Structure formats: C-alpha cells, structure tokens
There are 2 protein chains.
Amino acid sequence: MMSDNRSPRPQRSLPLAVRDDLLRFMDEQQLGPGDQAPTEAQASQMFGVSRSTAREALRLLEQDGVITVVHGRGRFLSAAGTLRVERPISKFESVTEMLEALGYEPKSAVLSVEQAPASAQEASDLSIAQDDPVIRLFRLRFTDDEALIYSVDVIPRDFLPGPIAHRDWSGSLTTALAAQGHAIVSSVARLRAVNLPREVEDRYSLHDLGPWLLIEETCVSRSGQKVLYAQDYHRGDQMAFNVIRRR
Amino acid sequence: MMSDNRSPRPQRSLPLAVRDDLLRFMDEQQLGPGDQAPTEAQASQMFGVSRSTAREALRLLEQDGVITVVHGRGRFLSAAGTLRVERPISKFESVTEMLEALGYEPKSAVLSVEQAPASAQEASDLSIAQDDPVIRLFRLRFTDDEALIYSVDVIPRDFLPGPIAHRDWSGSLTTALAAQGHAIVSSVARLRAVNLPREVEDRYSLHDLGPWLLIEETCVSRSGQKVLYAQDYHRGDQMAFNVIRRR
DNA sequence: CGGTGATCGGTTGTCTGACATCATGCCCCA
DNA sequence: TGGGGCATGATGTCAGACAACCGATCACCG
C-alpha cells in the first residue's frame, strides 16, 4: 500500500497531485493500452483521498486522453497514453519559453515599437474599439546570427502603462503582462504556411530563408480579457510543432 | 427559476446536458468577459441537479476555456468563449472529413500505390521491423482543378490485407482501416512549413503554388497499434489550422 | 481620526456515506 | 443444455457537512 506523504505541500490542487501519483503508479506497473486503470475505490485508498478527489484525478487523466471510461466496467488505458509528445502546441508557452526549452539562448532584436490607433483588423481581434490606442512591437528572435522568428505583437495600450520609450522590449512580453496582473492563461491560434511579407524580407534582409510557419494568436488573461494579438513567423526549416489529436 | 424538464432524455450524461443549459442561460443573460458565471449552488438549484453534477458541468465549461475558476471567489467568463474555434487540430479527423467540413467536394487522384519493405525511417515511425512489408500510397486531393493536398500514406501490410491492385484507393483510408477493426482513435502530428519536394513538383507539375504546411502524423488504433504514418502537404494559401492553447 | 485586526458571508475544495445505473459472469433451474 | 435471474463490482448521482479561501465590513485601539 502506498502512503499519503503529500501533507507538507499541497501547493497545486489535490486532484492534480493524485493524477501524477496515478501516472507514476501506472508507469511502474507497466500498463499498456487496453489494461484497466485503478478504480475510483482503489485510487482513493492507495493515495488516502476521498472518492471524489480520486474521481477528479481520474477525470483529469481522461481529459488528457490517457484513459477512457466505460460506465459499469471501469477505466482503461487508451492508446494515446503510449504516445509521448514533448511541448504540444496545445500547451501555451511564450516564444521565449519555447526557445529556451529548445535549448536556444534566445536573443531578441527590437526592430521598432510604436503606439498607434488600432486598425479595424486589430480592433476586431482584440475586441476593442477601432482607433483605441495599441502598442505595436516588431521583433526578430535569433541565435548565432540565424534568424528564427519574426514577430508582430499588438497590445491594447491600457494593459501596459508607462512610457514605451524607456521599457526593455527585448524581454518576454508575457512576463511583462503578468507583472501588470494580466497573466496569460489561454489563447486561440491559427497556423498557416506563408512566405514572409515582401516588405519585411526587403527591410530586414531575410531573403531566401524558405517558407515560414505563421502563427496568429489571440491571448486571453486570467480575468478573461484579450490582452495580446501576436503574429509569429517561424522559420520552417528550424521550427516544428507537435500536437496530440484525439477523436 | 428554470424547470428541470430533462426527464425524458438523459441520453448524454447529465453534466453535459447541464453544461449546455448553462451555456444557453449565460447567453440569454448576455454575460460578457469578466462577468461571474452561476455558482455551483445556483446552477444546481436552477437545473435541479446535485451540487456534484453542477460542479462537473462547470468544470466542463472550464475545460472548454469558457470560464476560469478562482477559489473562494467564483467562476468568471473568459473572452475565449467569444472566440469560437472551428475544427481545432487537436480533434482528430481524416483529410477527407476535413475537406468536407470545409465545404469542398474532395476529389482524390491516386498517383501510385506500391508494396515495399519499410525504410528505416518508416519502421521507426510505425514501431515495426525494418523491411517489414508496407503499403505506400501517393495521392493528390483537389477541387475544381486546384491542387489542395499532396499526401503519402504508409500502412503496415498486415493491417490492410487483400490484393492492393483491386482496391479503390481514392476513398478514405481511415474508414478502410476501421473496416478492418483498426479504427483510428488518436494520433501524434508534427507541423512544419516546407516547400514541396523538388521531384514531386516536377513529376506532377505543382510548381509555384507557394509554401506548403507539412503534417507528419502517426495514427494509433484503439488497441494501441500504430496503423498509419501519413505525410500531408497542405497548400499554405488554401489551408489553415486552429488550436486552443492553455497554460 | 486613522490604521489594523477580527469577524462574517459567500464561494470553491474535500470528505463521507448512500443509492442508482450499468455490465459481466455465475449459478440454478426448466 | 440453454436461458434467465441474481450477485458482484464498477461508474454515475445525490445529499449533507466541514475546510480553505477571498473580500468586505466593522469594531477596536493607538
């Protein structure tokens, strides 16, 4: 029997901790697709939590596609659990975080910053009024003199107060927004294969770098506001993205 | 107060029904981002279910990014609810299904079919032994004489028995596999922006169609077997993919 | 008068126990 | 031997209670 030595730091919620315990347990037991996962009763006893909490933990596993539930029978390992994928795109992370996870030391060149009234497109994407002031930030991420990402970020002016001239824009926008109480918790993104816009190619000498993967992303803060609209052009020969798909 | 006229048709689970009721309710009330959603107590009373069920329904909404929960305060609408995401890529669908959902009438040209020993790459991707026999299927999807997708499908021979010469390869591979008891339930995909391989461009006259979005996808069946390795090249100017991201 | 800590009402998180519903396999009987 | 009822074990739902947390109010004290 396993002890519930989880007393010192709940920190994250109990169900999350139990979920991880369950994952560890099933990993140790070398369970494969089709095998039965611990039942609610077993899980609650194994880890010393109530059935509700155990049930919640199992539901988290179901949400991740690790198990599927059959009423009256039990829960069973699904095939998706065997597919481990690192950094799925469905997990939000900032460009900075992503590059660091890839082992790059992300350097960032600020091409320009400006404050301007929102275009119709931007206003629509950010659910603000047209001509509301926004900050537009053009940057180039690179490593070892190799361009990796050309990005355009649009932020409603209110979310990032203070003079734009004296801020260090080379750092992470998401942490800057988080410092203002607008931590990003989710986003909706759209992926397309494109060429870099001609004028960008010309202005920054980014010719002949092949196709780019454009990610247009609207980011939502914890309070439910759209705080950032980003267009990130990723070098196709350098960057790739993984995703788990389920029926 | 709302009545619980849900007696005749449970059908789908109770929490799912309550979730939809909640969505309708919040829509009628014209709640916007930042507004508070019904509490667990309110929801359980409104729809005549226990608090556990109401809680579960609210959790489903949270899972969809419609609301965010704050311990001790309540649940609040997120702007993500206003961003409706059609056909998120995390939801598995076959190329045929996708094209139909886009309103295309997918026509499919079989460029070639062959049986051959698996390459090292293919063997690794499909977790089979090198030189195990596989079927290789090269196709072009198009509509109105416009090429949309160039695809290469690799299937271990065992999963699709019978003579390969007399099969209609223009239909959906996933349904063919499902008919053999190998229905695809999940997959791992990798997205990249690329140019079409030179020899493919030349052979099929696919020049000057701009960048392509390459999706390399390993599909697994319910029993956990890897039954299909697909490379789908999507025309960048025609196809785009959406995804919801969460921290 | 102003700051500060206690208290309270509201909300989500967790626990306990019970019953309903569903799926399966066994046993008994016709 | 075949079939139906039933025991068993699993998830689904219900009810009630208490804990943890947050925000606002209010009384107290310097």
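Since we're looking at a predicted model, the values are computed, not measured. Proteins get letters first, then strands, A, B, ... in listed order; numbering begins at 1 in each.
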Listing time: all N or O pairs from protein to nucleotides 24-26 of chain C that are below 3.5 Å?
none

For the pair made of [atom1] in [X] and [atom2] in [N], what is the distance, rounded to whole Å?
X       : N      : atom1 : atom2 : value
B/Glu40 : C/dG13 : CD    : C1'   : 8 Å
B/Glu56 : D/dC14 : CD    : P     : 11 Å
A/His71 : C/dC19 : NE2   : P     : 17 Å
A/Asp35 : D/dA10 : CG    : P     : 15 Å
B/Glu62 : C/dG13 : CD    : C1'   : 12 Å
A/Phe76 : D/dA10 : CZ    : P     : 10 Å
A/Ile67 : D/dT11 : CD1   : C1'   : 12 Å
B/Gln36 : C/dG9  : CD    : C1'   : 14 Å

Taking all non-hydrogen atoms of both residues into account, name the closest pair between A/Arg157 and A/Gly162 and its distance.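 Smallest heavy-atom distance, with atoms named: NH2-O, 2.6 Å.
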Restricting to non-hydrogen atoms, name the atom on A/Phe92 and the atom on A/Ser94 that form the minimum distance, rounded to 0.1 Å.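 Smallest heavy-atom distance, with atoms named: CE2-N, 4.2 Å.
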Can you check whether B/Thr39 has a side-chain N or O nearer than 4.0 Å to OP1 or OP2 of C/dG10?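 For C/dG10, neither OP1 nor OP2 has a side-chain N or O of B/Thr39 closer than 4.0 Å.
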With a 4.0 Å limit, can you tell me whether A/Ser13 has a side-chain N or O closer than that to the phosphate oxygens OP1/OP2 of C/dG13?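 For C/dG13, OP1/OP2 do not have a side-chain N/O of A/Ser13 under 4.0 Å.
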Assess whether atom CZ of A/Arg222 is packed by more than 12 heavy atoms of other residues, nucleotides or ligands within 6.0 Å.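 Incorrect, the count does not exceed 12.
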Does CD belonging to B/Gln30 count more than 12 external heavy atoms closer than 6.0 Å?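 Atom CD in B/Gln30 is not crowded, with 12 or fewer foreign heavy atoms closer than 6.0 Å.
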Contact class for B/Arg75 (heavy atom, under 4.0 Å): base, sugar-phosphate, or nothing?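 Result for B/Arg75 = sugar-phosphate.
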Applying a 4.0 Å non-hydrogen cut-off, can you work out what B/Thr53 is touching in the nucleic acid: base, sugar-phosphate, or nothing?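 B/Thr53: backbone/sugar contact only, no base atoms under 4.0 Å.
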Salt-bridge test for B/Glu217 and A/Arg245: reply yes if a basic N is under 4.0 Å from a carboxylate O, no otherwise.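 Answer for the salt bridge query: yes.
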Taking only residues two or more places apart in sequence, or in another chain, which ones meet B/Arg167 in a side-chain hydrogen bond (donor to acceptor under 3.5 Å, both in side chains)?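 Expected list: none.
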Among C/dT14, D/dC14, D/dT11, the nucleotide that comes nearest once only the side chain of A/Arg51 is considered: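 Looking only at heavy atoms from C-beta outward on A/Arg51, the closest nucleotide is D/dT11.
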Counting side-chain heavy atoms from C-beta on, which of D/dC14, C/dT14, C/dC15 comes nearest to A/Ser52?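 Of D/dC14, C/dT14, C/dC15, C/dC15 is nearest to the side chain of A/Ser52.
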Does anything in residues 32-43 of chain A pair up under side chain to side chain donor-acceptor pair (under 3.5 Å), and if so which pairs, sequence neighbours excluded?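 Qualifying pairs: A/Glu40-A/Arg51, A/Glu40-A/Arg55, A/Glu40-A/Arg75.
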